[in-house]
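Structure, as structure tokens:
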Number of protein chains: 2
Amino acid sequence: MFDSVEIKEVKNEIGLLVKAIRKQRGFSQIQLAKALDVSRTSIQNLELGKNFTIDTLLKVLKEMDLLDQLNSEVLQAKAHVMNAKSMY
Amino acid sequence: MFDSVEIKEVKNEIGLLVKAIRKQRGFSQIQLAKALDVSRTSIQNLELGKNFTIDTLLKVLKEMDLLDQLNSEVLQAKAHVMNAKSMY
DNA sequence: CTATATTGAACAATATAATGGTCAAAATAT
DNA sequence: ATATTTTGACCATTATATTGTTCAATATAG
């Protein structure tokens, strides 16, 4: 019923998003990697939808000014859960 | 200017969200771990704000019916980027 | 209350992400 | 057109996430 999308597809989309923002800001993979103090390989793995750690992703999101937004959505989801009556 | 929140704090909040949903659904860490075919240690690391992989997180979000929502927001963010004129 | 289940913590072993490097293809610049 | 930059791919090494386990503390159930 829920979650028809596959994990692999979500990772691909995250990678495409990061790549799109990086391109728009005129950064190369190497420039972004240096700015975040991670390797180019890590950026590449993220952009190509391989597995990666939450630290790598959050460093990228922070650089792209998306970290606050993500945090807000997490807080909102949490509040929503706290509010809802359990259906289980 | 942007992104005043710290990476560590976001990881903590993600962990608290996962824990809140798991509790609400009446799952123990072991039950959730078995359902996702990961170890309880991985669930524990995620809930306690340690580092973890995107695979572990997405497995959890899928189980909690949040994967489609995340995917939609990624797509929306991507569309937003594609649309916007570059400021760089 | 006592018994049971759950959780946080720590550990060694294994699997794998991160790093730093090279190279050819593709994209971009000149 | 050629020169330059960037990227995807691959590789060996290192760092670390994952696994499986035990144990004490805490929470929950009886």
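The chains referred to below are lettered A, B, ... by the order of the sequence lines, with proteins before strands, and numbering in each begins at 1.
A 4.5 Å side-chain heavy-atom check between A:Arg40 and A:Lys34 finds every atom pair outside the cut-off. A heavy-atom distance below 4.5 Å is found between the side chains of B:Leu58 and B:Leu70.
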Table please: side-chain donor-acceptor pairs of residues 43-50 of chain A below 3.5 Å, with sequence neighbours left out.
unit_1: A:Asn45; atom_1: ND2; unit_2: A:Thr41; atom_2: O; d: 3.4
unit_1: A:Glu47; atom_1: OE1; unit_2: A:Arg22; atom_2: NH2; d: 3.1
unit_1: A:Glu47; atom_1: OE1; unit_2: A:Gln29; atom_2: NE2; d: 3.2
unit_1: A:Glu47; atom_1: OE2; unit_2: A:Arg22; atom_2: NE; d: 2.6
unit_1: A:Glu47; atom_1: OE2; unit_2: A:Arg22; atom_2: NH2; d: 3.4

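In this structure, B:Asp68 contributes its side chain and A:Val5 its backbone to a donor-acceptor pair below 3.5 Å. The closest donor-acceptor contact from the side chain of A:Gln31 to the backbone of A:Ser28 lies under 3.5 Å.
Of the residues near DNA chain D, A:Lys19 and B:Lys59, the one whose nearest nucleotide (by heavy atom distance) lies more toward the 5' end is A:Lys19. Heavy-atom nearest nucleotides on DNA chain D were determined for B:Asn45 and for B:Arg40, and the one closer to the 5' end corresponds to B:Asn45.
Look at NZ on A:Lys50: it is 12 Å from P on D:dC11, rounded to the nearest Å. B:Gln44 places its CD atom 13 Å from the C1' atom of D:dC23, with the value rounded to the nearest Å. Following rounding to the nearest Å, A:Gln29 (CD) and D:dT7 (P) show an atom-to-atom distance of 5 Å. Atoms CZ (B:Arg22) and P (D:dA27) sit 14 Å apart, rounded to a whole Å. Remark: P of D:dA27 and CZ of B:Phe27 are 23 Å apart, rounded to the nearest angstrom. Between the CG atom of B:Leu32 and the C1' atom of D:dT18 there is a distance of 15 Å, rounded to whole Å. Taking atom CG of residue A:Asp55 and atom P of nucleotide D:dT16, one finds them 10 Å apart after rounding to whole Å. Atom CG of A:Asn51 and atom P of D:dT16 are 16 Å apart (whole Å).
In B:Lys8, the NZ atom is crowded: over 12 heavy atoms of neighbouring residues, nucleotides or ligands sit closer than 6.0 Å.
The span of DNA chain C lying next to chain A, judged by atoms under 4.0 Å from heavy atoms, is bounded 5' to 3' by C:dA17 to C:dT22.
Side-chain nitrogen and oxygen atoms of B:Ser42 include at least one within less than 4.0 Å of the OP1 or OP2 phosphate oxygen of D:dT19.
At a threshold of 4.5 Å between side-chain heavy atoms, the hydrophobic network of Ile, Leu, Val, Met, Phe, Trp and Tyr places B:Leu36 and A:Ile7 in one connected group.
Note on A:Leu48: only backbone sugar-phosphate atoms sit closer than 4.0 angstrom, heavy atoms only; bases stay farther off.
Within 3.5 Å, a donor on the side chain of B:Thr41 pairs with an acceptor on the base of D:dG20, or the reverse.
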